[in-house]
Amino acid sequence: MRTLKHLLLIAALTPIAAALPTGQAGAQDRFGTRTGSISFHSSTPVEDIEAHNRKVSCVYDAGTGAIELAVLIKAFEFRKALMQEHFNENYMESNTHPKATFKGTLTGMDAAAKRSAGTYAVTIKGDLTMHGVTRPLEEPATLVVRPDGSLKGTARFTVRPEDHDITIPGVVRNNIAERIVVSVDLDLTSL
């Protein structure tokens, strides 16, 4: 019997996969993962807060540059259970907003580079939806084309909680950084 988390993951990936081109040429350029990693770090003089999510779904079409990610908010894991509880209930309201998504494009590689092993500086540009609020995002990233044809994508950027209507109560305002550092690490294989 499939678990609820597994079913939610399939539900999150289905529209992503359906939106990408099909056919012989498109299939050769499609890459994906269900085990990508996103972490975030907040550092203040009062405390450091860090969480990791290793259940990130991503589909990338190298032919068009289209890329989509889906992240279940409740899959973030913290060192302290109380932090995780506050994150889900008080800040992210994960029962109301169960996932964050990114939909956009990856640019900066020509057609030949997409087939050649190497490390490439690229740009991700699109819309980040988190806590029910969509904002444009454009950031540098790195894409490694491995000799076996698989890909590794990494990016690091900052997000301001208030940009996504995430309210930080005054009593803990000094505990949470104004800009949260987000790190993305994806190992993508051919679909």
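Note that the coordinates shown come from a computational prediction; the quantities given were computed from them, not determined experimentally.
- Looking at T134, T129, V71 one by one, the single match for side chain to side chain contact (heavy atoms under 4.5 Å, CB included) with T101 turns out to be T129.
- Distance check, rounded to the nearest 0.5 Å: OG1 of T123 to CE of M109 gives 12.0 Å.
- In this view, H131 and E93 satisfy the side-chain hydrogen bond (donor to acceptor under 3.5 Å, both in side chains) rule, not counting sequence neighbours.
- Evaluation of the salt bridge (charged side-chain N to carboxylate O under 4.0 Å, His left out) test over residues 157-170, restricted to residues two or more places apart or in two chains, returns R135-D163, R160-E162, R160-D163.
- Residue pairs meeting the ring-ring contact (aromatic ring centres under 6.0 Å, His included) criterion with at least one partner in residues 166-191, sequence neighbours excluded, are absent.
- Salt bridge absent: D29 and K114 never bring a charged side-chain N and a carboxylate O closer than 4.0 Å.
- A donor and an acceptor atom, one from each side chain of T35 and T33, are located under 3.5 Å apart.
- Atom-to-atom distance recorded for N53:CG and S37:OG is 7.5 Å, nearest 0.5 angstrom.
- The residues D187 and K152 are annotated as salt-bridged, a charged nitrogen and a carboxylate oxygen being separated by less than 4.0 angstrom.
- Looking only at side-chain heavy atoms (C-beta outward), R156 and H41 stay at 4.5 Å or farther from each other.
- Applying the salt bridge (charged side-chain N to carboxylate O under 4.0 Å, His left out) test to pairs two or more places apart or on separate chains, none has a residue in residues 169-181.
- The ring-ring contact (aromatic ring centres under 6.0 Å, His included) analysis of residues 64-93, with sequence neighbours excluded, yields the pairs F40-F76, F40-F78, F40-F87, F76-F87, F78-F87.
- Sequence neighbours left out, not one pair with a member in residues 171-191 passes ring-ring contact (aromatic ring centres under 6.0 Å, His included).
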